[in-house]
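Have a look at the structure below, then the notes.
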Amino acid sequence: MSAENGTNHLYLIDGSGYIFRAYHAMAYSGKPMTRADGTPVGAVFGFSNMLMKLLQDLDDNDKPTHLAVIFDTARKTFRSDIYPAYKANRPPAPEDLIPQFPLIREAVKAFGLPSIEMQGFEADDLIATYACRAREKGWQVTIVSSDKDLMQILEDGIDLFDTMKNKRTYSDGVIEKFGVGPEHVVDVQSLAGDSVDNVPGVPGIGIKTAAQLINEYGDLDTLLERAHEIKQNKRRESLIEFAEQARISRQLVTLDRNVAVEHPIDDFALTPPEPEPLIAFFESQQFRSLKVKVLQKWGQDLPKDPLSEAVETLAKEYSCVTDMAELKVWIDLAYHSGEIAVDTETTGLDPSAADLVGISLSVTPGKACYIPVGHGANGGDLLSEKPNQLAKADVIAALKPMLEDKSVLKIGQNLKYDMSIFAREGINLAPIDDTMLMSYALDAGLHGHGMDELSGIHLDITPISFKEVAGTGKNQINFSEVALDKATNYAAEDADITLRLFKVLKPRLATERVTTVYETLERPLAPVLSAMEREGIKVDVPTLQRLSNEFAVGIERLDKEIQTMAGRPFNVASPKQLGEILFEDMGLEGGKKSAKTGAWTTNVDVLEKLAADGHELPAKVMEFRQFSKLKSTYTDALVTQVNTKTGRVHTSYHMAATTTGRLSSNDPNLQNIPIRTEEGRKIRRAFVAETGNILLAADYSQIELRILAHIADIAALKKAFAAGTDIHAMTASEVFGVPIEGMDPMIRRQAKAINFGIIYGISAFGLARQLGIERKKAAHYIEAYFERFPGIRAYMDKTVEFGKEHGYVETLFGRKCHVTALSEKNPMKRGFGERAAINAPIQGTAADIIRRAMVRIPGALKDAGLTDVRMLLQVHDELVFELPEGRDADAIPLIKTVMENACAPALNLSVPLVVDCGTGHNWQEAH
DNA sequence: CCACTCACG
DNA sequence: GACGTACGTGAGTGGC
């Protein structure tokens, strides 16, 4: 038997090492694994699985032509004769492992592989001997083991393969571990000893020192002979005193390469396993998933047995799971893989209203299943009868342990949604990994992070669109009405693609240095937001309706007045018609046409100017617009968003929408509830606490300016924040040279605008427009600002330069914000990119800080026993809570502490963070 | 479906 | 010298 290229390749598996690895891996993975008769089989399973994987995974280059599994025998070996203490402090094998030793040898036989052991020798000696024999014949050798002792026999043509870590070590890789090449590993080990095996070595010398000494003196004998030359007293005396002990150690660690082994290596020729004995063995051990794997790989010609039908469906790319036995196979596969892609199909997009329709799973790329549980549930007119499907309660009960098991990683795309759906079924989905969030941590600003887009970018696959299965527009049907074969193709593909995306994105996290961002700011936030969304906030519908009526009256009155003034009827809500009235009919000055459509601009800025010139109609239009905005967007829209089951509104936070790390809120957007005008602010009175409860609003004071002070290292700003002085007044006094005491509010207002302008990447034009002053004057202010705080300009220049070089800028917590516009040729677009680059680290760091606080708050509340305090909303620099009346005295200090210390320990901000808290029965009062 | 406008931080 | 500008969002409306 020889490989096509003529070189034989011998694999020597360190069976004993793998028994312990398999035992411990299984022991820590959750529940102990036993057969129905109570025999523990965790290690047998782990071992068998490892062999399966090894036989399946090796690609053609590394394909073994010969293979043997080598075991230790009893503990007594020639080494214990030399040194009785050798391996004497090893604890005895765990009780539940002992009955598994013979089973593992049976497993090896079932695979049709040679199982080798020899009285008086350790597996390592046999491995060393066989490896040398194979090398003498010019064969390649791979030793499958995680035991570093075997590194001493590595050379050209012999490598060490740790399948648990999927890491291969070649002879030149030994130096990383031992500081010397394979030929001196024994010398180093003789000096350093090994506490696990009770190899004494020389006291006070570890691997580092040993390697240094061997490199200096050449080998152990030379070193021991010349030990008296060593300068360090302690080391010298140690080496002299314990020279003999080092020599004994060498005998213990040196592998015997000349054991009189019984089998010639030609006996180890590898043939594919016979499926029958393997299946029989797996059946006897009740390893269903392994049996399935064997059937899939080698079982084509086997006669069908009762399970093989299930297996056949499973062997298809995408299968529809409609019986329990099949579902259990998938659950087994999940446990044994440790990773499973999960996706849910529901009746709608709103997780607090949608019901579960089906679940899809994938463990191997290209293979996935769909488990329908709610098809035909919605009226069912389109389906003549309910399709054959498992009962939802049974599926949930069967999946729950796996979906909650800490040893099985659940992989999904936007899992926050699925977590919310599962939470309503009593399942706490954990632990999770989210491909959308990985993409966001890696590529924010480069493209969107929806599954279809990621699939196109990374996999070059266009998934079946939802429209294709559910139709579009008026003809769109609910997913629960989609026929099972169509639903399966669509849903299973989603799980499949998610798993494939995971395989692409996960390794990039480490290589592109965003693991910390993902692990601290993204992944742990999903469950927190899921809980907030499910909590919702109560809105008082009568209050909104009263306001709506108030606004309606105003709108109607203004509409009439405006049309009368215009002299002809027109739609006041139409910017186009309004523009024609203002700038054509009335012939007013100061009209501007938009660049894109050439339509008249009629925004507030324009209307304000016209109003300032004494025109009444534009002023009335402004009022009209305010009322209609408040009515249509808030009072009327919000009442339709109240969930009928909970009586509350449940927003949805988008975790991967912005380029800076901020969240966004939609359906409804609760991050833009009016506050700036008196009329608008009234809407906040409708956001209320449940009877007996209050709302608590906690907001960061001036967080972005504080971050700016830190990042740009502005001493004057930092000092002002440390002292707690009015920061806008301070700016005014610096820029305009006026005393803080008795300052004109107008001056302070201007300084405030400058401060904000700086954060946004100021331009004279923008500041002039904001303040309604001349551009020259604005430019002058900016110049004065830069002179007073020179760090600002340095920060801006540095940031833009970094952004142009790397294509992204970073927050203080390492979040990358890609700014593609920085490389634009068009100066206007590039300027846009430059301002975005200046702003992103500031806005993004603030976003990171509140994310950190949000991740910590639920645990902090729980630890403090404040389980009745619920976090409801996030509005960029503010968190809103609901809590029982009287609990605020406990809650406020805790929430303040967590929020104000959210940077620690990752970052020591050089300005204090300050959080202001307010409470009330509604959001307006709390603010 | 896009453009415009405007609500928030 | 001309670009025509503050940073980040989501939602409702009109009009093609």
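Letters A, B, ... mirror the listed sequences (proteins, then strands); counts begin at 1. Treat the numbers as computed from the prediction; the structure is a model and nothing was measured.
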Item checked: A:R706 CZ to A:I727 CD1 distance, which is reported to the nearest 0.5 Å -> 7.5 Å
Name the atoms and distances for all side-chain donor-acceptor pairs under 3.5 Å in residues 564-581 of chain A, with sequence neighbours left out.
residue, atom, partner, partner atom, Å
A:T564, OG1, A:K560, O, 2.7
A:R568, NE, A:D585, OD2, 2.6
A:R568, NH2, A:D585, OD2, 3.1
A:N571, OD1, A:A573, N, 2.9
A:S574, OG, A:K576, N, 3.4
A:S574, OG, A:Q577, N, 3.1
A:Q577, OE1, A:N571, N, 2.7

Check: Which of residues 837-844 of chain A sit near DNA chain C, with a heavy atom under 4.0 Å from it?
Finding: A:N839, A:Q843
Checklist line | Terminal contacting nucleotides, 5' and 3', DNA chain B versus chain A (heavy atom, 4.0 Å) | finding: B:dA3 to B:dG9
Margin query: With rounding to the closest Å, how many angstrom separate the P atoms on C:dA6 and B:dC4?
Written below: 13 Å
Next item on the list: For C:dT5 versus B:dA3, give the span between their P atoms, rounded off to a whole number of Å.
Entry: 14 Å
Notebook entry, point to check: Roughly how far, to the nearest 0.5 Å, is CG of A:L909 from NZ of A:K718?
Noted result: 9.0 Å
Margin query: Just to be sure I understand the rule, does A:E878 reach a base, reach only the sugar-phosphate, or reach nothing, if contact means heavy atoms closer than 4.0 Å?
Written below: nothing
Notebook entry, point to check: Does the side chain of A:T601 come within less than 4.5 Å of A:K593's, by heavy atoms?
Noted result: no
Notebook entry, point to check: Cut-off 3.5 Å, side chains only: do A:S530 and A:Y653 have a donor facing an acceptor?
Noted result: no
Notebook entry, point to check: Is A:A599 touching bases, backbone alone, or none of the nucleic acid, heavy atoms closer than 4.0 Å?
Noted result: nothing
Next item on the list: Show your reasoning for whether ring pair (Phe, Tyr, Trp, His ring centres under 6.0 Å) applies to A:Y785 and A:Y781.
Entry: CA-CA 6 Å; A:Y785 193 101; A:Y781 290 174; over 10 Å; no
Notebook entry, point to check: Counting any heavy atom closer than 4.0 Å, what does A:S594 reach on the DNA or RNA strands: base, sugar-phosphate only, or nothing?
Noted result: sugar-phosphate
Next item on the list: Can you label the angle between the A:H806 ring and the A:Y808 ring as parallel, tilted or perpendicular, going by 30° and 60°?
Entry: tilted
Check: In residues 750-767 of chain A, what residues come within less than 4.0 Å of DNA chain C, judged by heavy atoms?
Finding: A:A753, A:G757, A:Y760, A:I762, A:S763, A:F765, A:L767
Note to self: Reading DNA chain C in the 5' to 3' direction, which nucleotide is the first one with an atom under 4.0 Å from a heavy atom of chain A, and which is the last?
What the structure shows: C:dC3 to C:dC16
Check: Looking across every strand, which nucleic acid part, if any, lies under 4.0 Å from A:N669 by heavy atom: base, sugar-phosphate, or nothing?
Finding: sugar-phosphate
Next item on the list: Starting from the C-alpha separation in whole Å, work towards a yes-or-no answer on side chain to side chain donor-acceptor pair (under 3.5 Å) for A:N755 and A:H728.
Entry: CA-CA 7 Å; A:N755 276 334; A:H728 300 312; 3.0 Å; yes
Notebook entry, point to check: How do A:R835 and A:P827 order along DNA chain C: which one's closest nucleotide is nearer the 5' end?
Noted result: A:P827
Item checked: Value rounded to 0.5 Å, distance of CZ in A:F687 from CG in A:D540 -> 11.0 Å
Next item on the list: With heavy atoms under 4.0 Å as the rule, sort A:R769 into base, sugar-phosphate or nothing.
Entry: sugar-phosphate
Next item on the list: First locate atom CD of A:E589, then atom NZ of A:K609, and finally report the distance between them rounded to the nearest 0.5 Å.
Entry: 13.5 Å
Notebook entry, point to check: Is any side-chain N of the basic residue among A:K538 and A:E882 closer than 4.0 Å to the acidic one's carboxylate O?
Noted result: no
Notebook entry, point to check: So how far is it from A:D350 CG to A:T651 OG1, rounded to the nearest 0.5 Å?
Noted result: 9.5 Å
Check: Given pairs defined as Watson-Crick or G-U wobble with both distances under 3.5 Å, what dot-bracket annotation applies to DNA chain C, with ( ) intrastrand, [ ] crossing, | other strand and . unpaired?
Finding: ......|||||||||.
Notebook entry, point to check: Using a cut-off of 4.0 Å on non-hydrogen atoms, how would the nucleic acid contact of A:R830 be classed: base, sugar-phosphate, or nothing?
Noted result: nothing
Note to self: Under the criterion side chain to side chain donor-acceptor pair (under 3.5 Å), I'd like the reasoning laid out for A:D559 against A:Q563: C-alpha separation, chi angles, the key distance, then a yes or no.
What the structure shows: CA-CA 6 Å; A:D559 191 29; A:Q563 306 220 30; 3.1 Å; yes
Check: Are more than 12 heavy atoms from other residues, nucleotides or ligands located less than 6.0 Å from atom CD of A:E774?
Finding: no
Notebook entry, point to check: Side chains of A:F813 and A:R851: closer than 4.5 Å at any heavy-atom pair?
Noted result: no
Next item on the list: Using a heavy-atom cut-off of under 4.0 Å over every strand shown, decide if A:D667 touches base, sugar-phosphate, or nothing.
Entry: sugar-phosphate
Item checked: A:S632 versus A:A637, closest heavy-atom pair with distance -> O-CB, 3.4 Å
